[in-house]
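These notes are about the structure you will find just below.
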Amino acid sequence: EALVQSLSPTATGGLGGLDRVEDDEPLLTAMPASLEKRLSQLESSKKASAPPPPPPPDKDFEGSLKSLSERHGYGFISCEEVFKLYERDTYLPKDLVPEGTKVSDRFIFKIALSKKGHPQVKEIRSAV
């Protein structure tokens with residue numbers, strides 16, 4: 001009770017007649033909606049932290065190059081089907097980027113999962 005009393009409005013200078021907080025009353029009566037939403041997302045992500053499903057071994061996916069790092073050479077491919085499975089774009093390692101590739105080029109590719117469980121290209125060819 002000492003801690004509760006030290007947090008009461010009068011212990012911190014008073015707020016007009018409130019001189020005690022009851023033990024069974026919460027100190028915070030309402031949480032901002034944005035904070036409630038974030039807390040809910042964190043709790044649900046902890047529950048849903050099962051490892052992602054392994055990719056189909058011989059499945060061809062099709063997508064377009066979303067971004068390409070000029071500095072580091074890697075890229076990301078946007079593919080709706082992969083995104084539905086893993087909720088992220090597919091990483092394209094530098095050593096697999098076809099020569100002359102530019103953003104929006106279409107590709108057919110196979111994927112594997114990285115150590116973190118993220119999709120990445122393991123084989124790639126042009127879709128045209």
What one should report as the nearest heavy-atom pair of S64 and S104 is CB-O, 4.0 Å

Report, as yes or no, whether the 6.0 Å neighbourhood of atom NZ on K122 holds more than 12 heavy atoms from other residues, nucleotides or ligands. yes

For a quick test of reading the model, state the closest non-hydrogen atom pair linking P54 to L113 and the distance between them. CA-CD1, 4.3 Å

So, do K110 and D60 sit near enough that their side-chain heavy atoms are less than 4.5 Å apart? yes

Could you tell me whether K66 atom NZ has more than 12 heavy atoms of other residues or ligands within 6.0 Å of it? no

Considering all heavy atoms, the nearest G63-C79 contact: CA-CB, 4.3 Å

Are Y86 and L92 grouped together when hydrophobic residues (ILVMFWY) are joined by side-chain heavy atoms under 4.5 angstrom apart? yes

Identify the two heavy atoms, one from V82 and one from R88, that lie closest to each other, and give their separation to 0.1 Å. CG1-O, 4.2 Å

Honestly curious: do V121 and L65 fall in one hydrophobic cluster under the side-chain, below-4.5 Å linking rule? yes

Hey, are the side chains of L85 and P52 touching, using non-hydrogen atoms and a 4.5 Å cut-off? no

Closest heavy-atom pair and its distance - P56, F61: CD-CZ, 4.3 Å

Applying side chain to side chain donor-acceptor pair (under 3.5 Å) as the test, list every pair that has at least one member in residues 67-85; sequence neighbours left out. K59-E81

Shared ILVMFWY cluster between I77 and L68, side chains joined below 4.5 angstrom? yes

Do F109 and L96 make a side-chain contact, defined as non-hydrogen atoms from C-beta onward lying under 4.5 Å apart? no

